[in-house]
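Each remark here refers to the structure printed beneath this line.
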Amino acid sequence: MTPDKLDASWMKLALREAERGRLGASPNPRVGCVVVHGGEAIATGWHAAVGGDHAEVAALNTLSPDDPRLASSVAYVTLEPCSHHGRTPPCTERILDSGIPRVVIGMEDPDPRVSGSGIARLRQAGIQVDVMASLPEGRWLNRRFLSSLERNRPWVVLKCAVSADGFADPPRVEGQRGSLAITAPALRGLTHFWRAEEEAIVVGAGTVVVDDPLLNVREASGRDPMPIVIDPSGRTSPEARVWSHPRATVLGGPANLPNHVTRIAGAGCDAAPAVLEFLQDAGCRSALIEGGPATLEGFLASDLWDEFRWCRSPRAVSGGIAAPAMPTSLSMLRGVHPFGEDTAEYWVRRNSAEWATCAPPPSLSLPLPS
Ligand code: AOF
Ligand code: ZN
């Protein structure tokens with residue numbers, strides 16, 4: 001049976017639940033579940049943290065196993081329930097134990113350990129399983145997970161601050177070091193939230209030499225991404241602050257780095273694909289490329305990017321390092337959000353939106369803390 005309009009509206013509620021995993025679920029997908037009885041949601045749950053309960057289990061845990069309503073309830077799950085023993089036991093068995101007779105699924109799970117076997121297991125046990133014909137919002141919500149599984153590369157977000165006259169770094173006097181802000185502090189909470197939402201953060205050697213950034217999450221809550229520095233000619237200092245991060249990684253890099261720093265092989269010309277291949281092999285589903293302009297241009301030139309987030313200042317700086325040119329013909333503008341005097345501008349590469357089967361709907365397009 002094809003799910004109807006009412007099913008679709010419960011699925012929307014399950015998607016809202018799934019969204020709540022945006023900071024904790026990765027590298028797992030964001031999954032939500034709603035149990036409905038007699039036109040009322042009697043349980044909701046989401047996958048909050050990798051290694052923690054899956055959405056179905058989180059929802060069912062809020063009910064007594066003897067709840068008589070379960071025998072005539074419907075479970076709405078945004079992603080096919082898993083049927084494998086991973087970090088947690090299979091959700092299919094938990095659903096079967098609950099006695100729920102019908103499950104509506106948003107989309108099949110492309111994880112090869114599941115990939116249709118969850119649906120088959122439930123049907124074989126006599127459950128009515130209906131799968132939505134398409135779930136564009138679900139694909140968009142899980143674009144990082146799906147990119148890694150379907151395209152064999154992480155989802156790539158480019159970010160650049162830019163002055164009114166087009167510079168990404170203001171003019172500096174000879175030898176001047178440290179981060180010079182283009183935008184005002186009001187935007188910093190947002191940009192740190194962006195760091196927390198992706199699994200890796202990538203910068204070039206120039207940024208490390210000049211700014212000596214920490215690249216961690218300080219002005220938002222959430223996990224630190226893995227910091228990766230592209231330094232093919234070994235220009236950075238072994239004393240740079242970024243190396244203190246336990247998961248610091250470098251392509252190239254100077255001699256005498258602390259032992260814990262992971263090295264990626266690769267030359268400057270193929271840095272973007274080499275970094276993404278490393279991340280894919282490490283199971284990372286996404287990367288935030290924070291600059292500078294040469295690094296951003298490397299990803300743009302390789303056509304290895306999906307989103308572009310501009311942090312625009314209304315102030316001119318009259319010189320410095322020019323911001324990269326984003327190919328507007330290949331992208332679509334999805335949101336403009338004022339933050340004090342500055343503006344965050346959110347673009348999506350057209351091909352990436354098509355691959356995800358939808359342009360981000362406005363309700364999901366805002367990369368803002370909720
Ligand atoms: C579900 N519900 O809420 C999620 C699922 O390492 P594990 O055991 O947590 O398993 C991770 C895999 O399980 C992940 O790759 C995806 O296939 C599935 N995620 N499945 O039924 C959930 N998060
Ligand atoms: Zn599961």
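Each ligand, and each atom within it, is numbered from 1 in the order the structure gives. Sequence positions, counted from 1, serve as the residue numbers for this chain.
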(message) Please find the pair of heavy atoms, one from Asp306 and one from Ser352, that lie closest to each other, and give the distance.
(response) OD1-OG, 2.7 Å
(message) Students often mix this up, so state it plainly: with edges at 30° and 60°, are the rings of Phe308 and Trp310 parallel, tilted or perpendicular?
(response) parallel
(message) Among Ser147, Ser148, Ser26, which residue satisfies the side chain to side chain donor-acceptor pair (under 3.5 Å) criterion with Arg285?
(response) Ser148
(request) Nearest 0.5 Å please: distance from the CD atom of Glu19 over to the CZ atom of Arg30. (result) 8.0 Å
(request) Would you kindly say whether Glu290 and Trp194 are connected by a side-chain donor-acceptor distance under 3.5 Å? (result) no
(request) Consider only side-chain N and O atoms of Ser73 and Arg69, and report whether a donor and an acceptor are under 3.5 Å apart. (result) no
(message) Given a threshold of 2.8 Å, state how many protein N/O/S atoms are nearer than that to the Zn ion (ligand 2).
(response) 3
(message) Does anything in residues 227-247 form a side chain to side chain donor-acceptor pair (under 3.5 Å)? List the pairs, not counting sequence neighbours.
(response) Asp231-Thr236
(request) Compile the protein residues with any heavy atom at a distance under 4.0 Å from an atom of ligand 1; present them by chain, then by number. (result) Asn28, Pro29, Val31, His47, His54, Ala55, Glu56, Glu80, Pro81, Cys82, His84, Gly86, Arg87, Thr88, Cys91, Asp109, Asp111, Arg113, Val114, Phe145
(request) Cation-pi check, Arg143 to Trp355: give yes when NZ or CZ is under 6.0 Å from the six-membered ring centre and within 45° of the ring axis, no otherwise. (result) no
(message) Per the side chain to side chain donor-acceptor pair (under 3.5 Å) rule, what does the pair list look like for residues 109-122, sequence neighbours excluded?
(response) Ser83-Ser117, Glu93-Arg121, Asp111-Arg113, Arg121-Gln124
